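Before any comments, here is the structure.
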Amino acid sequence: SQKIEQNSEALNIQEGKTATLTCNYTNYSPAYLQWYRQDPGRGPVFLLLIRENEKEKRKERLKVTFDTTLKQSLFHITASQPADSATYLCALKGGSSNTGKLIFGQGTTLQVKP
Amino acid sequence: DAGVIQSPRHEVTEMGQEVTLRCKPISGHNSLFWYRQTMMRGLELLIYFNNNVPIDDSGMPEDRFSAKMPNASFSTLKIQPSEPRDSAVYFCASLSSGTSEQFFGPGTRLTVL
């Protein structure tokens with residue numbers, strides 16, 4: 001069956017370090033993968049999208065990689081700050097090509113300590 | 001733009017009561033999604049609409065759940081009768097045609113006693 005896995009345990013890192021979050025999937029051939037940020041009591045907010053034919057995408061301090069052979073995406077936050085503390089969700093596009101349906105992972109909570 | 005608007009923000013009800021959650025998508029967006037989020041199951045898609053038409057309701061847990069989108073600016077998710085296991089945060093999201101970024105509302109926290 002189709003499955004998306006993110007580290008269920010919280011990730012604790014020191015300010016200034018690089019945070020790396022993992023998203024693994026099975027039995028999918030997604031056209032693209034997205035990363036969202038969710039703060040407590042709020043809805044998810046879109047961060048980045050990477051397509052199946054792209055290896056890497058960057059946006060300011062964020063970097064996403066997508067390995068369709070390993071069926072894995074890595075999400076990096078460089079020079080992390082306490083304000084980066086949140087839950088990060090990966091999402092794969094499901095369904096046929098003309099739909100916007102997304103399947104979300106459970107999310108990984110990141111805590112950046114000053 | 002005010003973003004996706006959901007109401008109420010919090011709802012506490014008793015088992016067996018009818019619950020109606022409301023969503024106003026971003027103006028001009030033609031796709032609307034209803035999600036449910038719990039600690040155990042994460043963020044699950046319940047149903048989504050494209051141009052006011054339900055496209056995929058395979059995530060709707062059972063017949064107690066129903067959703068409507070009578071026009072481009074309004075959608076409802078109804079639970080009748082509600083049960084304690086329906087307690088969760090329900091999110092509405094909208095999407096503009098030709099794009100991939102979903103915009104989420106603030107959610108409705110539902111507690112069924």
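Since the structure is predicted, the reported quantities are computational estimates derived from the model, not experimental observations.
For B/Glu44, no part lies near chain A; criterion is any non-hydrogen pair under 4.5 Å. Residue B/Leu45 touches chain A through its side chain alone, counting heavy-atom pairs closer than 4.5 Å. Only the side chain of B/Ser58 comes within contact range of chain A, with at least one heavy atom under 4.5 Å from a heavy atom of that chain.
Atom CD of A/Glu9 sits in a sparse spot, with 12 or fewer heavy atoms from other residues, nucleotides or ligands closer than 6.0 Å. Within 6.0 Å of atom CD in B/Glu83, more than 12 heavy atoms from other residues, nucleotides or ligands are found, so the atom counts as buried in its surroundings. The local environment of CD in B/Glu62 is crowded, with over 12 non-hydrogen atoms from other residues, nucleotides or ligands closer than 6.0 Å. Residue B/Asp63 places its CG atom among 12 or fewer non-hydrogen atoms of other residues, nucleotides or ligands, all under 6.0 Å distant. Within a 6.0 Å radius of CZ in B/Arg109, other residues, nucleotides and ligands contribute 12 heavy atoms or fewer. Surrounding NZ of B/Lys68 are at most 12 heavy atoms belonging to other residues, nucleotides or ligands under 6.0 Å away.
Between atom CG of residue B/Leu43 and atom OG1 of residue A/Thr87 there is a gap of 11.5 Å, rounded to the nearest 0.5 Å. To the nearest 0.5 Å, atoms OH (B/Tyr35) and CG (A/Leu102) are separated by 4.5 Å. Put simply, CZ on B/Phe104 and CZ on A/Arg42 are 15.0 Å apart, with the number rounded to the nearest 0.5 Å.
In this structure a side-chain-to-backbone donor-acceptor pair under 3.5 Å is missing from B/Gln102 to A/Lys101. No donor-acceptor distance shorter than 3.5 angstrom exists from the side chain of B/Glu101 to the backbone of A/Phe46, with no hydrogens or angles considered.
Scanning both residues, B/Arg41 and A/Gln106, for their nearest heavy atoms gives C-OE1, 3.2 Å. Between A/Gly43 and B/Phe91, the closest heavy-atom pair is CA-CE2, 3.3 Å. Between B/Ser100 and A/Arg51 the shortest heavy-atom distance is OG-NH2, 4.4 Å.
Listed by chain and residue number, A/Glu56 satisfy the salt bridge (Lys or Arg N to Asp or Glu O under 4.0 Å) test with A/Arg58 (two or more places apart in sequence, or in another chain). With sequence neighbours excluded, no residue forms a ring-ring contact (aromatic ring centres under 6.0 Å, His included) with B/Phe49.
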